[in-house]
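Below is one structure, written out as structure tokens; comments come after it.
Each ligand, and each atom within it, is numbered from 1 in the order the structure gives. Along the sequence shown, residues are numbered consecutively beginning with 1.
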Amino acid sequence: MVAETQKRPPQVEMAEEKNNAAVKSSNRTSLLLLGGVTAIVIVALALGLGLGLGLKHHRHDGAATTNPKTSSAPSPGPTAPSSASESVQSWRRSTLEYDLDMNWDINASPTIRLFNFTISEIQAAPDGILRPLLVINGQFPGPLVRVNRGDRVLVNVTNQLSNGTALHWHGLYQNGTNWMDGTVGVTQCPIPPGTSFLYNFTVESQYGTYWYHSHYSSQYTDGIVGPLIVHAPEEATTRESYDFDQVILLQDWYHDLSAALMPGYLASGNENTEPVPDNGLIQGTNYFNCSLYANDSGYTCQENSTRAVFAVTQGKRYRLRLINTGAFTEFDFSIDNHTLSVVEADSTLVQPVAVTRLPIHVAQRYSVIVYTNQTSTNYWMRAQMITDCFSDDNPVLNPDVQALITYTNTTSEPTDSVDWSTALDLVCKDLSPSMLTPAVVEIAPSPNNAFRIDVSFQIGAYALDRAYINSTTWTAAKDPTLNQAVAGLKADNSTFNALGLSSAFDKASQFVISIPEYQVVDLLINSLDEGAHPFHLHGHQFWIMASGTGDFDWNSYARLNTTNPMRRDTLTIDAYGWTLIRFRADNPGLWALHCHISWHMEAGLLMQFQGRTDLMSHWTIPSDVLALCST
Ligand code: C2O
């Protein structure tokens with residue numbers, strides 16, 4: 001579903017492949033080849049400039065028309081040839097890669113999928129503004145990781161940054177491999193600069209739309225994000241309801257490194273004034289109007305920034321897997337003149353529900369099915385920022401982030417495209433859980449234990465504006481809490497084995513609730529804050545049992561609906577609101593529960609569950625994981 005407006009002669013395809021390969025071996029060779037590629041770019045720019053539209057590859061209806069060289073069996077490696085691009089911007093990943101081949105075998109027997117990820121920093125301009133950008137294998141956004149349930153996934157990460165890094169597989173259970181969860185300060189030390197680390201885990205008992213990102217400080221905000229799709233035979237029925245399967249990344253975007261913005265945010269006197277994004281990206285790209293910055297702004301603006309283009313065929317059904325890979329912003333997603341049928345939230349398949357706008361908060365995923373049954377012309381896809389959740393205005397920000405849907409393989413500005421008249425959201429809130437009914441029915445089991453946490457922002461030590469869970473404000477532990485726990489359990493230190501709020505860790509910075517043996521746990525997340533917070537629980541899905549504002553009425557506790565409530569892994573806690581979640585604490589290890597807004601997590605809005613210490617007490621953390629802490 002990714003567009004090109006012009007069919008390219010075969011020799012261009014070849015030149016690009018050579019060019020792509022040449023990048024690795026010899027700069028000189030790739031320069032020689034640039035001439036041929038540039039000619040195509042000029043055509044692209046001539047067509048796309050006024051509109052700010054970009055040209056992308058298009059895989060036509062059915063894989064048969066694709067060059068066999070570029071459409072061979074799904075390549076697990078990062079060297080998938082689809083990364084060639086018409087653009088001289090070789091750091092831009094061709095989002096052809098996110099157009100999921102429908103010939104993928106969901107019934108294939110388990111295999112090993114190896115990926116090599118080299119993480120580095122470059123200067124690049126996703127929306128026209130040049131800035132330091134963190135890239136994987138030289139490109140942004142990150143490579144597609146696509147596997148089947150049961151597969152073993154090996155991701156060899158080489159860190160070429162000057163800082164540490166770590167990759168988290170958002171939504172994966174990692175049952176039995178807690179140390180592969182990628183969470184700095186919880187399950188590992190950062191991968192030191194100049195070294196490699198192998199993530200090695202099996203994806204079990206789950207499938208759907210996930211993503212991966214750096215989990216070191218606010219680092220993912222600077223570019224280290226990518227889609228992670230898990231297939232399973234049970235998708236067969238759902239698959240009958242669509243002809244194409246397209247991953248779409250939505251994210252807010254800053255023109256400065258997050259590390260440069262963080263100190264100002266944490267400084268006292270700035271309570272809850274998160275940095276306001278400068279732009280938004282769809283598939284890692286967008287238009288930016290350079291004239292919004294004065295000449296002396298210090299920013300270098302390239303006039304050729306472009307919007308994403310999606311080519312569609314009339315009368316087809318497209319599954320769009322939306323992933324909010326942003327730092328702060330909730331979007332209202334919509335497509336002009338087309339309704340959306342929601343079929344998945346996070347990785348939970350749901351009974352189809354039709355909406356015109358879909359709110360999607362940071363780290364959430366939704367799949368919608370779109371039927372291209374409208375007049376054959378062009379339409380806008382919109383990811384509109386819910387700006388009421390920003391505490392400031394940003395004069396350069398256009399909150400209506402757009403991409404083009406084209407039925408006609410053109411980039412002409414839509415003339416009959418109409419935004420829905422339904423109101424945009426004025427507060428950051430999830431699509432009501434009552435609208436979402438899991439397709440696979442599960443009854444929420446009775447709880448063994450219930451806990452309540454209070455979320456707030458306060459001025460803390462050094463007059464920094466910090467976020468608190470009860471009276472703890474998280475900072476990443478030098479010795480990851482997992483490592484502390486495994487060592488403590490091995491030494492028979494019983495404080496690591498006690499039920500409830502753990503006294504085994506430094507309470508000023510580590511709020512850990514320990515569930516030593518299997519239990520079903522209720523957690524009431526109660527927010528005393530005026531902002532909304534998209535909370536994510538690692539290693540589990542939870543049921544959303546109830547939510548509201550004010551005080552939770554424990555008298556209602558016995559009457560909660562347990563018949564198939566919505567389950568997911570990331571939900572929004574409303575301003576001054578509470579939500580009661582329930583989960584099976586069946587997963588051994590240390591699992592973060594945190595607000596996914598980069599600024600808030602770094603301000604301390606993270607707690608942990610320690611599960612199944614009865615199993616953990618037999619653990620030995622792999623030596624390569626431990627070694628990350630010894631440099
Ligand atoms: Cu997307 Cu702590 O995770």
Discussion item. So that I know where these two stand, are Trp169 and Phe115 an aromatic pair - ring centroids less than 6.0 Å apart?
Written reply: no

Fill in: Presence of salt bridge, Asp569 and Arg365, under 4.0 angstrom
yes

Worksheet item: Do Arg131 and Asp222 meet the salt-bridge criterion of a basic N to acidic O distance under 4.0 Å?
Response: yes

Worksheet item: Do Gln219 and Thr165 have side-chain atoms, one donor and one acceptor, less than 3.5 Å apart?
Response: yes

Worksheet item: With a 3.5 Å cut-off and no angle check, do the side chains of Glu330 and Thr572 form a donor-acceptor pair?
Response: no

Item to complete: May I ask you to test the Arg466-Gln458 pair for a side-chain heavy-atom distance under 4.5 Å?
Response: no

Fill in: Protein N, O or S atoms under 2.8 Å from atom 2 (Cu) of ligand 1
3

